[in-house]
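For reference, the structure is listed below as structure tokens.
The analysis underlying the following values was restricted to heavy atoms, covering all of them including side chains, and did not include hydrogens, waters or symmetry mates. This is a predicted model, so every value here is computed, not measured.
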Amino acid sequence: MPRGQKSKRRAREKRHQARSEAQRLQDAQAPAAEEEESLSSPTPPLGGAKSQDEEKPSTSQASLSTDFSCRTAADQKAILLVQFLLRKYNMREPITKEGMLKHVIGKYKEHFHDILRRASELTVLAFGIDVKEVDPTRHCYALVSKFQRTSDDRMTGEEIMPKTGLLMTVLCVIFMKGNCATEEDIWEVLNVMGIYAGKKHFIHGEPKKLITKDLVQERYLEYRQVPNSDPPRYEFLWGPRALAETSKMKVLEFLAKIHDTVPSAFPLLYEEALRDEEERARARFAAMLLTGAVASVHSGADFRGSFSHL
């Protein structure tokens with residue numbers, strides 16, 4: 001082969017080899033470059049959401065977001081305020097607006113009345129107590145029982161029980177559902193109150209355990225399977241201790257006070273509560289007669305025995 005052709009062939013082979021090496025190097029560098037790009041670029045938002053650079057919120061959207069944040073902050077502050085109120089009560093210290101603003105409300109002072117209202121709603125539902133201003137001049141507040149009927153309803157002694165309000169709420173639902181409420185009925189109401197099965201509550205702990213085990217063991221509630229239910233469903237009734245320690249009228253008064261009204265505003269429930277009061281009065285009267293009769297029998301026996309020696 002002539003020398004010129006050999007030189008050209010070697011040149012073509014060298015060029016081909018150079019192109020192959022360049023291609024291999026490019027292929028090897030590509031994944032590294034892609035990886036570097038993915039690490040340096042911002043992570044795309046999940047769920048198809050757009051990043052801030054892709055979409056700026058409008059004025060109305062920003063306002064809505066701010067309102068939602070305020071509502072969330074107000075709820076959180078209300079929970080903290082409940083804890084503050086209970087701590088002040090337990091330490092027998094005065095409850096003042098100044099103290100609430102300083103230790104809890106902080107920069108949300110313009111929302112003070114709304115936060116206080118939410119906190120009061122929580123204490124009513126959780127404990128059966130309300131927060132009332134007792135000295136408008138010095139802005140002093142007190143915890144007020146929803147059940148006491150004295151001229152001064154302010155709480156005294158260790159009367160706050162975390163489960164009282166929840167129990168009264170459950171008893172209300174049972175009463176309103178015809179004296180027997182399904183578990184779904186109970187949770188429907190409790191969920192509105194922010195109380196969920198399986199989710200720890202800041203006051204009640206594990207609420208499902210409280211109402212299906214603790215209050216059942218204490219005989220305040222009866223928890224049983226709905227007859228012929230498949231899959232099994234469960235229902236609640238008043239337990240013997242609830243029947244003995246409270247009444248339908250007291251539960252209706254609790255419901256009425258929550259709604260700032262009177263028991264007669266619920267006419268059907270009020271009529272049933274009145275009948276229950278009459279039945280209780282007759283039962284007490286019959287018990288008194290029985291007790292009196294038994295006492296007379298014993299008294300007569302003692303009287304006859306005192307003259308047996310004659």
>> Treating Asn191 as the side-chain partner and Trp187 as the backbone partner, does any N or O pair qualify as donor plus acceptor under 3.5 Å?
In response: yes
>> Distance check, rounded to the nearest 0.5 Å: Ile95 atom CD1 versus Met100 atom CE?
In response: 7.0 Å
>> Could you walk me through whether Leu171 and Trp238 satisfy the side-chain contact (heavy atoms from CB on, under 4.5 Å) test, starting with their C-alpha distance in whole Å, then the side-chain angles of each, then the deciding distance to 0.1 Å, before giving a yes or no?
In response: CA-CA 7 Å; Leu171 295 178; Trp238 284 30; 3.5 Å; yes
> Between Lys248 and Asp276, which heavy-atom pair has the shortest distance, and what is it?
Replying inline: N-OD2, 3.6 Å
> Is it true that atom CD of Glu188 has more than 12 heavy atoms of other residues, nucleotides or ligands lying nearer than 6.0 Å?
Replying inline: no
>> Using 30° and 60° as the class boundaries, would you call the ring planes of Tyr234 and Tyr223 parallel, tilted or perpendicular?
In response: parallel
> Looking only at heavy atoms, what is the nearest atom pair of Tyr196 and Pro207, with distance?
Replying inline: O-CG, 3.1 Å
>> Is any side-chain heavy atom of Leu143 closer than 4.5 Å to one of Thr123?
In response: no
>> Is the shortest side-chain heavy-atom distance between Leu190 and Leu166 below 4.5 Å?
In response: yes
> Do other residues, nucleotides or ligands put more than 12 heavy atoms under 6.0 Å from Glu98 CD?
Replying inline: no
>> Looking at Lys177, I want to see if its NZ is surrounded by more than 12 non-hydrogen atoms of other residues, nucleotides or ligands under 6.0 Å.
In response: no
>> So Phe266 and Thr261, do their side chains get closer than 4.5 Å, heavy atoms only?
In response: yes
>> Treating Lys209 as the side-chain partner and Asp214 as the backbone partner, does any N or O pair qualify as donor plus acceptor under 3.5 Å?
In response: no
>> Does Arg138 have more than 12 heavy atoms from other residues, nucleotides or ligands lying within 6.0 Å of its CZ?
In response: no
>> Leu221 vs Leu237, test: side-chain contact (heavy atoms from CB on, under 4.5 Å). Steps then yes/no.
In response: CA-CA 6 Å; Leu221 295 174; Leu237 295 86; over 6 Å; no
>> Could you walk me through whether Phe236 and Ile211 satisfy the side-chain contact (heavy atoms from CB on, under 4.5 Å) test, starting with their C-alpha distance in whole Å, then the side-chain angles of each, then the deciding distance to 0.1 Å, before giving a yes or no?
In response: CA-CA 9 Å; Phe236 287 91; Ile211 67 172; 4.0 Å; yes
> Going by heavy atoms in the side chains, are Glu183 and Lys208 under 4.5 Å from each other?
Replying inline: yes
> After noting the C-alpha distance and the side-chain angles of Lys250 and Phe254, does the key distance pass the side-chain contact (heavy atoms from CB on, under 4.5 Å) rule?
Replying inline: CA-CA 6 Å; Lys250 289 181 180 178; Phe254 172 77; over 6 Å; no
>> For Glu184, is there an ion pair with Arg233 - N to carboxylate O distance below 4.0 angstrom?
In response: yes
> Atom CE of Met168 and atom CD of Glu253: how far apart are they, to the nearest 0.5 Å?
Replying inline: 9.0 Å
